[in-house]
There are 2 protein chains.
Amino acid sequence: MMQLHHDRSKTLKTPVLPAFPRPEGMTTHDYAFTRLRQAIMVGAFRPGTSITIRGLADALESSPTPVREALRQLTSIGALQFLENRRIVVPRITPARFEELISLRIALESHAARRAIAHLSDRQIDRIVALDDAIEMAITVGDKAGALIANQEFHRRIYTANPDQVAMPLIESVWLQLGPILGIAMEHVTELYVVDRHREAIDALRRRDEDAVAEAIAADIREGIGGFDHAAISKLLALAG
Amino acid sequence: MMQLHHDRSKTLKTPVLPAFPRPEGMTTHDYAFTRLRQAIMVGAFRPGTSITIRGLADALESSPTPVREALRQLTSIGALQFLENRRIVVPRITPARFEELISLRIALESHAARRAIAHLSDRQIDRIVALDDAIEMAITVGDKAGALIANQEFHRRIYTANPDQVAMPLIESVWLQLGPILGIAMEHVTELYVVDRHREAIDALRRRDEDAVAEAIAADIREGIGGFDHAAISKLLALAG
DNA sequence: TTCCGGAAAATGTGATCACAAAAGAAGATT
DNA sequence: AATCTTCTTTTGTGATCACATTTTCCGGAA
C-alpha cells in the first residue's frame, strides 16, 4: 500500500479543518471520516458550503477513494448532502427545520437520559460533575470550541452509561445536523452564557428521579441552542448567506 | 466509463438479495445501497451473517469500489458492522439491545406522529386508510414480506406528512437494526396476527388528538414486534445461531 | 486425534486512471 | 448589456491493480 502520490500543489479552496494527528493503525478512510465529522460537529462549516472530493483528498494528503467513502458516510447521518447534480454540500437549514431538530433532540435525549439512570453509579456521577466544572472553566476562559466539546461530552457521558444503549448514534446525527448553524451562532455571540441546567440534571441523577432528569435535560436543550427562536435563526442564516 | 469487467464465475456465498431492476440513471453505488438496505430492512439477512465486498460486487455485477461505499453507508446507520479484524457482519442482537431498540422506536415514532398531525389533511388520512386495507389484504393472503413493507409504508406515510420532518431517517435506522431479528421472527411465526392498533391511530388522527395518536402508535409497536419479550427473543436468537 | 506451523487463498484498503457529466470561461450574436 | 454557443476545466464515478492483513487449508509432530 502507501504508494507515492502526487500533490496537485494548488491553492486549496477547501476550508481548513481542525487538524489532529492520525492515530497509528487508523485507516485513511477512518481518519478522513473522523476528522470531517469532528469539524462539522463543532461548526467549522457553514450551511451551503460546497465540498469537493479531490479538494479534500489533497487537504488530507490522500486519494479520492477513501475520502468519497467518508463523505458518503457523512451523508448517511445527515451531516452532508449529495445533490442531484452530484455536488456535495453542507445542508442548508430553515427555521422550521431547526425547530424540528431541537424538538427531536429533546425527545431523543430525554429518552436516553431516562434509560441511563438505572446504570449510573455514584462514582460515574462524580465524573460527570467534573466534566461540568470543565465546561464552566472553558467558558470563563472564553474557549468557545472547548466549551462546546465539553458540553457534548457531558451529555454523551450520561447517555452512554447504559451499556445496551442504541440512541447515541442517532443523537450525534442530530448534533451533526445542528453543527453548521451552531458555528454561525458562536461567531455572532460575543459572550457565552453560563445558563445551563446541568446542576439541576446532576441533582436529579443523584436522586435517580427519572422525570426530573428528563425535564432538566429538556430545559437545558431548550434554553441552550434551542433557545434561539424563529426570528433569531432567520437573522443568523441571513447573516451567513 | 462502463468498461468491461470479468465475472469471477464462482459459486456465490453471498445471500441472494431480493432482486429489483436498476432504474435508469441510478449510480452503481446508489443501486447497491438501496438494494442492500431493502434486503436488510425486510429481514433477508440473519444476525451474524458475514458479508464480503467482492462477493457482493460479483452478485451485483459491479466492482468493489461502489459496493464498499454502500456498505460503509450501511454501517453508519447501524445496519452493518465493520469489525476490528476488518470483517463485515450483520450485527448480533442481545435481548437487552432488542428492548432498547423497541423502546427507542416508541419514543421516536410517537414523537414523529405528534409532529405530523397538524400537517395531515383529511385526504391524506384517507390514503393512509387505504394503506391499512392493503396490509390486511396481504395478511389474509399470507404474504408476510408484503405485509411488512405495507406496514412500514403505513408508518412512514404518517410521519412524513410533516414537510420539515427530520426524524424519518433515524426511525428507518432503527427499523434496519431490527430487520435481522424480524426476519427470524417471520420464519418461526406460522400465522400472522392481525392485531394492530392502526384503526385506533387513524381515528385519533381524524380527531387530531395528539396524545391518542402517540398512544396508539406506541401500543402498535409494543404489541407488534415489540410484543416479543425477553424470553421469546432469546429463544429466537438461539434457534438462528 | 489434537495441536501447531507454514503455504495458499481470500479479503479489505487505497492509489490511479479513463470516462461522462457538470460547471466555468470566453467569444460571438442579438 | 444580455443571452446563447462552444471550448476548456473541474469534478464525481467506477473499474482495476498492488499491497498488507487475515483467514483458510494442509501436512507433520506430539
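Basis for what follows: all heavy atoms, side chains included, without hydrogens, waters or symmetry-related copies. In the text below, chain A, chain B and the rest are named by the order of the sequence lines, each starting its count at 1. Small disclaimer: the values here were computed from a predicted structure and weren't measured.
Annotation for B:P91 and B:A79: closest pair CD-O, 3.3 Å, computed over non-hydrogen atoms.
Taking atom CG of residue B:L60 and atom P of nucleotide D:dA15, one finds them 11 Å apart after rounding to whole Å. The distance between atom CG of B:D58 and atom P of D:dA15, rounded to the nearest whole Å, is 11 Å. Rounded to a whole Å, the CG atom of B:L56 is 13 Å from the C1' atom of C:dT11. Put simply, CD on A:Q73 is 14 Å from C1' on C:dT13, counting in whole angstrom units. When the C1' atom of D:dT13 is taken as reference, atom CG of A:L83 falls 16 Å away, rounded to whole Å. Between the CD atom of A:E61 and the C1' atom of C:dG14 there is a distance of 15 Å, given to the nearest Å. Separating the NE2 atom of A:H29 from the P atom of C:dA15 is a distance of 13 Å, rounded to the nearest angstrom. In this structure, B:I88 places its CD1 atom 13 Å from C1' of D:dT22, rounding to the nearest Å.
Looking at heavy-atom distances under 4.0 Å, B:T65 makes contact with a base. Residue B:R68 is classed as a base contact, given a heavy-atom separation below 4.0 Å to a base.
Side-chain contact check for A:I51 versus A:L36: every heavy-atom pair is 4.5 Å or farther apart. Contact check for B:L71 versus B:I53: side-chain heavy atoms found under the 4.5 Å cut-off. Under the 4.5 Å side-chain criterion, counting only non-hydrogen atoms from C-beta, B:E69 is in contact with B:T65.
A:R22 has no carboxylate O lying under 4.0 Å from a charged side-chain N of A:E61, or vice versa, which leaves the two without a salt bridge.
Nearest to the side-chain atoms of A:R86 among the listed nucleotides D:dT22, C:dA21, C:dT16 stands C:dA21. Nearest to the side chain of B:I53, among C:dA23, D:dG12, C:dT13, sits C:dT13. The side chain of B:F82 lies closest to C:dT13 when the candidates are D:dA15, C:dT13, C:dG14. Considering only side-chain atoms of A:R54, the nucleotide from D:dA15, C:dT13, D:dG12 that sits closest is D:dG12.
Closest-nucleotide positions on DNA chain C for A:E69 and A:R87 were compared, and the one nearer the 5' end corresponds to A:E69. Between A:E84 and A:P64, the residue anchored nearer the 5' end of DNA chain C, judged by the nucleotide with its closest heavy atom, is A:P64.
Neither OP1 nor OP2 of C:dT13 sits under 4.0 Å from any side-chain N or O of A:T27. For A:N85 and C:dA21, the shortest distance from a side-chain N or O to OP1 or OP2 is not below 4.0 Å. Taking 4.0 angstrom as the limit, B:R72 places none of its side-chain polar atoms (N or O) nearer than this to OP1 or OP2 of C:dG14.
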